[in-house]
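Working notes, structure below.
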Amino acid sequence: MKIVHYPHPALRQKAAPVTTITKELQIQVGEMLDLMYQNKGLGLAGPQVSLPQQVFVLNFEGDPEKKELEHVAINPTVLEQKGSVDDREGCLSFPELFAKVRRAKTVKVSAYNLKGDPYEMILTDLPARIWQHELDHLHGVLFIDKLGFLGRMNVKKELEQFIKEFYDAREKGELSTDLEPKL
Ligand code: ZN
């Protein structure tokens with residue numbers, strides 16, 4: 001399992017709802033958690049590891065010691081949202097890139113855990129931001145899509161660099177896809 005970087009087409013695929021929690025999915029989720037912690041991330045979604053299923057993992061502090069802050073979200077949703085706040089955001093599929101993104105300040109969310117039990121939480125600020133960011137991934141939406149004109153201008157150079165790296169890697173046969181990138 002590998003984290004794919006923008007503009008890998010897997011990032012634009014819409015993830016399918018999970019209908020059965022298989023042993024295979026449990027193993028994949030474990031690998032996703034390992035990858036998230038190794039890369040010092042706060043969240044990682046299925047499409048980011050070419051797994052087109054509605055699942056993401058997160059830890060609100062990215063600290064593997066703090067298991068109480070770690071969650072597996074299967075078929076996640078946002079039930080209610082309140083307020084809005086602009087803050088800096090990054091993504092493991094865009095290494096070293098950060099941009100200010102507007103998100104709801106507080107969200108009431110629901111999902112199933114790895115045992116198949118449903119749960120709900122009310123999240124505010126950074127935890128709410130992480131949940132919304134990861135949920136977007138399941139719909140093929142990336143944080144750069146949320147930028148306004150100026151925000152987009154500010155990251156233009158970095159995005160061009162990611163696109164160049166994608167084509168270079170594909171030319172060298174390092175990518176698992178023949179599909180065209182989706183910008
Ligand atoms: Zn992301």
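Whatever order the structure lists them in is the order used to number ligands and atoms, beginning at 1.
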Quiz item: Closer than 2.8 Å to the Zn ion (ligand 1), which protein N, O or S atoms?
Solution: Cys91 SG, His133 NE2, His137 NE2
Quiz item: Among the clusters formed by ILVMFWY side chains lying less than 4.5 Å apart, do Leu142 and Val4 turn up in the same one?
Solution: yes
Quiz item: If you measure only the distance, is there a donor-acceptor pair under 3.5 Å linking the side chains of His133 and Glu89?
Solution: yes
Quiz item: Mind checking what makes ring pair (Phe, Tyr, Trp, His ring centres under 6.0 Å) contact with Tyr112, not counting sequence neighbours?
Solution: none
Practice problem: Check the surroundings of atom NZ in Lys67: do more than 12 heavy atoms from other residues, nucleotides or ligands lie under 6.0 Å from it? | Solution: yes
Quiz item: Which residue pairs satisfy the ring pair (Phe, Tyr, Trp, His ring centres under 6.0 Å) criterion with at least one member in residues 158-183, sequence neighbours excluded?
Solution: Phe94-Phe162
Under 3.5 Å, which donor-acceptor pairs do the side chains of residues 42-52 form with other protein atoms, sequence neighbours left out?
{"unit_1": "Gln48", "atom_1": "OE1", "unit_2": "Ala45", "atom_2": "N", "d": "2.8"}
{"unit_1": "Gln48", "atom_1": "NE2", "unit_2": "Ser93", "atom_2": "OG", "d": "3.0"}

